Amino acid sequence: MIPFTLSVITTAHLSVAFAPEHTGIGSERTKFNRALIRLASAPEDTSKPSVYEYNGQCHRFNGEVFAKSNCWGRRPFLMRGAFDPGLLLDKNICGDDNSWPTWDDVVDIASDDDSESRVISHKPGDEESYELLLGPLSESDVNEWVSKASTSKSRERKTLVVNDVDRFYPRLADWIHNNFRFLPNWRMDDGQISLSEEMGGIGPHVDNYDVFLIQMTGTKLWQVGLEKLSAKDEMDRTVNGLDVRVLDRWGANTEFEDFTLNPGDLLYLPPRIAHSGTALTTGCMTLSVGCRAPSVSDLISRLAENLSSSIEENAVRRYVDEDLLDGDAGVFSPGLLTETSKHQARQLVLDSLLAMLGDDVWWDEFFGKYATEQKRVRLNYPVPLGDVGFEESEAANDIFANAEATIRSVLDGQAVLYHAEGITFAYSTLPKNEVNQTVHRLFTNGEMWQSQSETSKTKNDCMGCLFQAVANHRKLDSQLLLSCIGGDLQCGRYLEAVKFLQELVTLGVLYAGES
């Protein structure tokens with residue numbers, strides 16, 4: 001057991017929002033310094049939940065430390081020195097060993113046509129000044145961001161936000177996978193990085209998901225609200241007429257705590273906690289490891305999409321009223337929506353939905369496919385080995401041969417397989433069915449593979465082991481794979497497993513790299 005000391009810092013009465021009447025950055029700093037003085041003499045207010053600051057014996061962040069804090073989904077969590085800032089070192093000094101991309105790496109990614117980037121600018125103190133410019137960055141923009149010298153002659157301050165950096169920077173994908181393995185694959189979203197000049201920020205806002213904010217370089221002031229904001233409250237408080245969601249009256253109507261994060265510090269925020277980050281130095285980099293969380297509307301929308309194209313009985317069943325003309329025709333009113341018709345229509349929907357939702361096998365397939373879909377779809381990604389299916393292509397044998405050679409090299413220990421960055425893998429095991437078979441499933445990129453086993457020694461059980469290995473490990477080497485499928489090249493289970501791996505490589509959800 002790792003002993004915990006959780007200290008709580010409360011500044012619930014403290015307002016340090018940037019007021020419109022302040023006209024210079026210096027005045028913002030002055031106000032911030034005065035706020036710190038007030039904080040030192042302020043009585044502690046324990047009436048509302050506060051940020052937990054970990055001060056235990058473990059010097060680095062890990063799943064056990066975080067789980068024991070009981071903060072997940074409940075309240076913010078702060079850990080000083082959670083990660084080694086040395087993860088971000090100059091390549092000229094440390095070669096290719098750095099796990100975090102540099103400032104210039106992120107700027108370069110933001111200039112890629114396939115990236116998702118945006119620049120958010122504002123004038124400190126003016127909540128209605130936020131503007132949004134979508135990427136990719138132009139050549140002149142790249143030069144400006146690389147030099148870290150703003151060409152703006154106004155008080156405008158900029159922040160560059162780049163999503164899916166882990167897709168473009170595999171070492172970051174490795175690092176996120178290794179450090180956040182205590183969370184399910186399907187709950188992980190992306191590694192987003194923001195670059196800010198001094199006093200830059202994207203404004204006070206609310207996120208619908210859990211997020212881990214890690215300071216990479218520079219210093220950032222985080223103001224964290226003391227309570228969760230409902231969607232209605234957020235809508236009522238969102239500044240109108242802006243392309244970004246920014247909360248108004250941040251200092252006047254919001255109670256929050258202040259925390260200054262230095263390189264290596266981590267701040268976790270659960271969903272719906274209002275927060276605002278402001279760079280206190282030029283060259284401020286923040287990594288946001290976000291988690292996906294589907295809403296009811298998300299799931300119902302996808303369910304409706306599935307039903308609209310389904311030919312299953314529960315989807316195509318129609319309203320029936322065989323007793324429509326039974327009864328007294330003398331009191332008939334053609335314009336009336338009767339209680340009977342409304343009840344029957346509602347019951348039609350309920351019966352069909354309950355039949356589907358009550359089917360564990362059906363729901364497992366629906367949710368597995370949904371949970372592994374890409375949240376932000378990129379054109380032609382993941383990159384397949386061929387652009388058409390095996391059956392339609394005259395070159396199908398050549399395409400498959402490439403995949404076959406790849407898998408052969410991996411099983412021989414000459415290469416390893418990796419998950420395509422940004423692609424989610426998950427597996428499930430269903431209880432024995434009516435014919436005493438256990439169903440094993442693998443899901444990735446919205447698709448499903450299935451295998452059934454009758455006993456623990458059948459060839460198909462190796463597929464269940466393989467599904468788990470593929471879903472649980474971003475890096476797949478020969479030792480891991482052979483522990484599932486064995487080494488007998490003529491064995492049926494070996495051939496089936498190799499064919500499965502070849503298909504994943506052909507689709508591009510797995511790719512080969514040096515061992």
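Everything quoted here is computed from the prediction, not taken from an experiment.
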Gap separating the CG atom of Asn185 from the OH atom of Tyr427, nearest 0.5 angstrom: 10.0 Å
Given 3.5 Å as the limit, does a donor-acceptor pair link the side chain of Asp477 with the main chain of Leu480, or not? yes
What's the shortest heavy-atom distance between Pro382 and Gly508, and which atoms? CB-O, 3.2 Å
I'd like to know if the side chain of Thr372 pairs up with that of Thr424 as donor and acceptor (distance under 3.5 Å, no hydrogens or angles considered). no
I'd like to know if Glu365 pairs up with Lys369 as an ion pair, taking the criterion as any Lys NZ or Arg NE/NH1/NH2 lying under 4.0 Å from an Asp or Glu carboxylate oxygen. yes
Asp265 side chain to Gly81 backbone, donor-acceptor under 3.5 Å: yes
Separation of Cys291 SG from Met188 CE (nearest 0.5 Å): 5.0 Å
Is the closest side-chain donor-acceptor distance between Glu373 and Asn445 under 3.5 Å? no
Presence of salt bridge, Asp298 and Arg302, under 4.0 angstrom: no
Run the ring-centre check on Tyr54 versus Phe66 and record whether the distance is less than 6.0 Å. no
Evaluate Asn262 against Gln215 for side-chain hydrogen bond (donor to acceptor under 3.5 Å, both in side chains), listing each step before the verdict. CA-CA 6 Å; Asn262 297 302; Gln215 196 62 26; over 6 Å; no
Using a 4.5 Å cut-off on heavy atoms from C-beta on, say whether the side chain of Met79 contacts that of Leu267. no
Distance flag, aromatic centroids of Phe77 and Phe212, threshold under 6.0 Å: no
Could you tell me whether Glu128 atom CD has more than 12 heavy atoms of other residues or ligands within 6.0 Å of it? no
A side-chain contact here means heavy atoms from C-beta on lying under 4.5 Å apart; do Arg80 and Leu78 qualify? yes
Could you tell me whether the side chain of Ser478 and the main chain of Asp412 form a donor-acceptor pair under 3.5 Å? no
Name of the residue among Phe182, Phe180, Tyr268, Tyr52 meeting ring pair (Phe, Tyr, Trp, His ring centres under 6.0 Å) with Trp72: Tyr268
Exam field: side chain Asn178 to backbone Asp174, donor-acceptor pair closer than 3.5 Å: yes
Taking only Lys NZ, Arg NE, NH1 and NH2, and the carboxylate oxygens of Asp or Glu, determine whether Arg474 and Glu421 approach each other closer than 4.0 Å. yes
Locate the shortest heavy-atom distance separating Arg181 from Asn472; write the atom from each residue and the value. NH2-O, 2.8 Å
What is the ring orientation for Phe366 with Tyr370, classed by angle as parallel under 30°, tilted 30 to 60°, or perpendicular over 60°? parallel
Would you call Asp190 and Arg167 a salt bridge, taking side-chain N to carboxylate O under 4.0 Å as the test? no
Could you please spell out the steps behind the salt bridge (Lys or Arg N to Asp or Glu O under 4.0 Å) verdict for Glu127 and Arg249? CA-CA 9 Å; Glu127 65 183 17; Arg249 308 186 303 277; over 6 Å; no
Assess the pair His419 and Phe425: is the distance between their ring centroids shorter than 6.0 Å? yes
Residue pair Ala512 / Thr406: nearest heavy atoms and the distance that separates them: CB-CG2, 3.5 Å
Test item: His122 side-chain N/O and Ile120 main-chain N/O as donor-acceptor pair under 3.5 Å: no
Between Glu227 and Arg272, is there a side-chain N and carboxylate O pair less than 4.0 Å apart? no
Please check this pair: side chain of Asp236 against backbone of Asp233, looking for a donor-acceptor N/O pair closer than 3.5 Å. no
What's the verdict on side-chain hydrogen bond (donor to acceptor under 3.5 Å, both in side chains) for Asp207 and His275, showing C-alpha distance, side-chain angles and the deciding distance? CA-CA 9 Å; Asp207 292 320; His275 56 281; 3.2 Å; yes
I'd like to know if the side chain of Thr278 and the backbone of Met199 have a donor-acceptor N/O pair within less than 3.5 Å. no
Salt bridge or not between Arg157 and Glu198? Use side-chain N to carboxylate O under 4.0 Å. no
